[in-house]
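Throughout, protein chains are lettered first and strands after them, A, B, ... in sequence-line order, and every chain is numbered starting at 1. What's counted below: heavy atoms across the whole structure, side chains too, no hydrogens, waters or symmetry copies.
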Amino acid sequence: MDKKTEALNKYFGFSSLRAYQEPIVDKLLEGTDTLAVLPTGSGKSICFQLPALMKNGLTLIVSPLLSLMDNQLQELRAKHIKAAAAYNSFMSPEEKSRVLRRLSSLKLLYISPEALSLPFIVERLKEVNVVMMVVDEAHCISQWGHEFRTDYLKIGPVREAVGNPCMAAFTATATPEVQLDIKKQLRMEEPAEYIHSVDRVNIALFVQRCTSEREKKKELVRIIQNAPGPGLVYVTSRKKCEELKKLLQEESAHQVEAYHGGLDNEARLMIQQQFLHGDLDVVVCTNSFGMGLNKADVEFVLHYHFPKDAESYIQEIGRAGRDGRQAWATVLYLEEDIIIPQMLMESELPPVDELDAAWETAASSRQEETTADLINKLGWTETAARFLAFYLEKHPRKRKSELLEDLEEKVQQRRFEKEKKLKVMVQWLENSNTCRRRLLLQVFGEALMKRPDPCCDICGSTIPVRKQPGNEKEKVTAPWEMRLQELFFGKEREHE
DNA sequence: CGTTCTTATAGTATTATAAGAACGGTGCCATACT
């Protein structure tokens, strides 16, 4: 038995890797930069966990959400893998300093891009042997890095600071442009690439054009009444989230809840757990819901508002049909809904005619207060302020005139890129001739090889009805307090 | 850009309608002490 198989067996209890995992593990073992686009729920974490455990030194896993770190750690703990830890703000000061002290005895450290960018963390990492860095959900680099969470763009520089270890990026969805962006930001040079199809053949795709908000609501109610669920309804505002929750609670027999960033952590955890355990049929949510959701039997994803680009769309519908059974996704398309993503996009970028004022403001504040000052003195959104602060930090020595000129161009460039993505999304919705699946795959640089049945509305399919299994397994309902307890304080859970 | 809420006016008791304004998503983060 070779070393790899031995380790696989020892740590994970498997006798062999799946065909697509094998080459990725090999590349990482030999220290080659790797970009992998793999469908969700396909055992991608083992692709980096195994090499990390076999290597001599520390692997950093950059993860976008604390809950994702927590999930993966629970899984590792369940397999009695001890050399793994997280560093994040959810931990007590004691726990944090303990982790930093025992870094050299760890194999895996889960960390957010923000924590990874803290100067004292970088200094500490320089003292230990970092052999590999992994960016999980790497599309976040492109989706969030440029404005919302600019620390995503600092992963590349940190990599260089800690001795340029091997870099791996994993995601389930990336267009060719996003792949390029990931490679550039992470400073990957000629990485090995494993790009799998983003097509989910068991999800049928539909778009239903509506002419008014009222019609859309009626259609929503009709569809949900007839869908046994479980399913998700995506909207782009918190208010709408709550409103539609109420509507569906009144008009359908389903258990319905709303999920968005305005809820506190406890409520969010609760809803996610209830949905996971089958105690909720429908969750009306904003784009905050779904990442890391490990639920196999989601039957449908309904977009009450359409998302701002095709990647978000693929990601969101990808939460359906993980169990391989027939699932469907439908968009209730109302033309004027385009204004919401447009406004949100606009609010992420600095107003071009205030760049001069922003420069003056920044010049008179300390670096760590630049963002706050831009928000308070100029009334900018947090995201726009962060965008500017990041840019100034990156180019500290540029002359004012030159900097403002560059900045304006950069803002226009970003606006252009975002608008283009939105336009592609709308074109997809408006299209009435070409198979939706074919067109969607085109955005990801893929050709449609084989059309599944059902495929999409344009191919003549209608929303499939799932046969209900006659003898559903009995629900085991533990008190909620107990489940929350498990989540906060941990309890070994089995997975897979 | 449309929805939804607030304020203003009309004109006269209680409400009706118009004009104006606000709003619309994603999450992470060392600090105080000698």
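Distance noted for atom C1' between dA10(B) and dT14(B): 13 Å (whole Å). A gap of 16 Å separates the P atoms of dG11(B) and dA16(B), to the nearest Å. Between dT4(B) and dG25(B), the two P atoms lie 15 Å apart (nearest whole Å). Atom C1' of dT9(B) sits at a distance of 16 Å from the matching atom of dA13(B), rounded to the whole Å. Taking atom P in both dT12(B) and dT17(B), the straight-line distance is 15 Å, to the nearest Å.
Map E213(A) and Y259(A) each onto its nearest nucleotide of DNA chain B; the residue landing nearer the 5' end is E213(A). The 5' end of DNA chain B is approached more closely, in terms of each residue's nearest nucleotide, by M343(A) than by the other of L65(A) and M343(A).
Using a 4.0 Å heavy-atom cutoff across all strands shown, Q315(A) reaches no nucleic acid atom at all. Contacts of T383(A) with the nucleic acid, taken as non-hydrogen atoms under 4.0 Å apart, include base atoms. Across all strands shown, D151(A) has no heavy atoms under 4.0 Å from either base or sugar-phosphate atoms. Counting non-hydrogen atoms under 4.0 angstrom, I338(A) reaches nothing in the nucleic acid. Contacts of P93(A) with the nucleic acid, taken as non-hydrogen atoms under 4.0 Å apart, are absent. Using a 4.0 Å heavy-atom criterion, one finds that R268(A) contacts the sugar-phosphate atoms exclusively.
Pairing analysis of DNA chain B (Watson-Crick: purine N1 to pyrimidine N3 plus N6-O4 or O6-N4; G-U wobble: N1-O2 and O6-N3; both under 3.5 Å) yields stems of 3 or more pairs at B:1-10 with B:15-24.
Between L106(A) and V99(A) the shortest side-chain heavy-atom distance falls below 4.5 Å. In this structure, the side chains of H146(A) and Q185(A) come closer than 4.5 Å at one or more pairs of heavy atoms. In this structure the side chain of Q272(A) reaches within 4.5 angstrom of the side chain of F289(A), judged on heavy atoms.
Salt-bridge formation is not detected for the pair R414(A)/E348(A): no Lys NZ or Arg NE/NH1/NH2 atom is positioned less than 4.0 Å from an Asp or Glu carboxylate oxygen.
Side-chain atoms of D406(A) and H395(A) form no donor-acceptor pair, as typed in the model, at a separation below 3.5 Å. No donor-acceptor contact under 3.5 angstrom links the side chains of H260(A) and T286(A), judged on distance only. Counting only N and O atoms by type, the side chains of T173(A) and Q315(A) include a donor and acceptor under 3.5 Å apart.
Nucleotides of DNA chain B with any atom under 4.0 Å from a heavy atom of chain A span, from 5' to 3', dC1(B) to dA30(B).
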| said: If you apply the rule salt bridge (charged side-chain N to carboxylate O under 4.0 Å, His left out), what do you find for E177(A) with K420(A), and how did you get there? | reply: CA-CA 12 Å; E177(A) 299 82 59; K420(A) 198 167 128 199; over 6 Å; no
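Taking the six-membered ring for Trp and thresholds of 30 and 60 degrees, H303(A) and Y234(A) have nearly parallel ring planes, at less than 30 degrees apart.
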